Undergrad: 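Quick one: structure below, then a few questions.
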Amino acid sequence: SHAAAILLGVYLGGRLQAIGAAAGTKPQFTGGEARQPADLDLSCVALERALAANPHDRESWSQLGHNRLHIASYAAAETCFSKAVALSGGRDFSALCDCAAVQAAQEKHTDALQTVRRALEAGPPPGPSAAAERRGAQQQAGMALLGLGLYEEAGLAFEGIIEEDE
């Protein structure tokens with residue numbers, strides 16, 4: 001039946017996402033260190049197949065974005081993170097920060113600044129790392145301002161981070 005086929009697709013997509021995540025590079029926390037991939041090719045294939053089965057899986061898009069970032073495929077990583085952001089209704093703090101990072105890596109400083117400001121508006125999820133994640137995003141905003149040559153604004157942004165940290 002149609003319902004059984006849908007359930008099988010969701011199940012298989014979930015299993016493939018788990019394999020892709022286990023073999024991939026996504027850090028455990030926003031701003032954390034990327035893991036060394038167990039098998040990057042396997043991770044990418046599993047995630048691509050998971051997304052073929054369920055293109056609305058925000059976590060698979062994010063995982064695939066981290067894999068693309070690991071191989072410096074910035075445009076592909078930006079596409080993945082942008083899809084994760086869109087699927088969250090623009091509220092996924094981590095995906096927004098990741099998207100801003102790859103935009104900055106491509107020297108798209110205006111886009112990076114707009115994206116990281118959206119992340120700061122959304123805010124990090126509550127938890128013990130929330131303050132550090134917010135400071136990381138504020139630092140990204142400062143770096144984007146530097147990239148745009150807005151040195152005074154960047155200085156104020158960095159000064160604000162230092163004051164918060166004291």
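Just so it is clear, the model here is predicted, and its values are computed rather than measured.
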Undergrad: Is there side-chain contact between Leu146 and Met143, with heavy atoms separated by less than 4.5 Å?
TA: yes
Undergrad: Please say which of Ser88, Cys80, Ser82 ends up in a side-chain contact (heavy atoms from CB on, under 4.5 Å) with Trp61.
TA: Cys80
Undergrad: Grouping I, L, V, M, F, W and Y whenever their side-chain heavy atoms are under 4.5 Å apart, do Leu156 and Tyr151 come out in a common cluster?
TA: no
Undergrad: Below 3.5 Å, can you tabulate the donor-acceptor pairs from side chains in residues 117-127 to any protein atom, sequence neighbours excluded?
TA:
none

Undergrad: Do you know which two heavy atoms are closest between Asp92 and Arg58, and how far apart they sit?
TA: OD2-NE, 3.3 Å
Undergrad: Under a 3.5 Å threshold, yes or no: a donor from one side chain and an acceptor from the other, between Ser43 and Gln63?
TA: no
Undergrad: First locate atom CG of Asp98, then atom NE2 of His66, and finally report the distance between them rounded to the nearest 0.5 Å.
TA: 3.5 Å
Undergrad: Under the salt bridge (charged side-chain N to carboxylate O under 4.0 Å, His left out) rule, collect the residues that match up with Lys108, sequence neighbours excluded.
TA: Glu78
Undergrad: What pair of heavy atoms forms the shortest contact from Leu87 to Pro55, and how long is it?
TA: CD1-O, 3.7 Å
Undergrad: With side chains defined as the heavy atoms from C-beta onward, is the minimum distance between Cys44 and Arg68 less than 4.5 Å?
TA: yes
Undergrad: Between Gln103 and Tyr74, is any pair of side-chain heavy atoms under 4.5 Å apart?
TA: no
Undergrad: So how far is it from Ser94 OG to Glu59 CD, rounded to the nearest 0.5 Å?
TA: 9.0 Å
Undergrad: For the atom pair NE2 (His109) and CG (Leu148), what is the distance rounded to the nearest 0.5 Å?
TA: 6.5 Å
Undergrad: Can you tell me how far apart CD (Gln139) and CZ (Arg134) are? Round to the nearest 0.5 Å.
TA: 14.5 Å
Undergrad: Nearest 0.5 Å, what's the CG-CG distance between Leu64 and Leu69?
TA: 11.5 Å
Undergrad: Between Leu96 and Val116, is there a side-chain heavy-atom distance shorter than 4.5 Å?
TA: no
Undergrad: Looking only at heavy atoms, which two atoms of Ala137 and Cys97 are closest? And how far apart?
TA: CB-SG, 3.9 Å
Undergrad: Which heavy atom in Ala154 sits nearest to a heavy atom in Gly142, and how many Å separate them?
TA: CB-O, 3.6 Å
Undergrad: Heavy-atom count check: over 12 atoms from other residues, nucleotides or ligands less than 6.0 Å from Glu107 CD?
TA: no
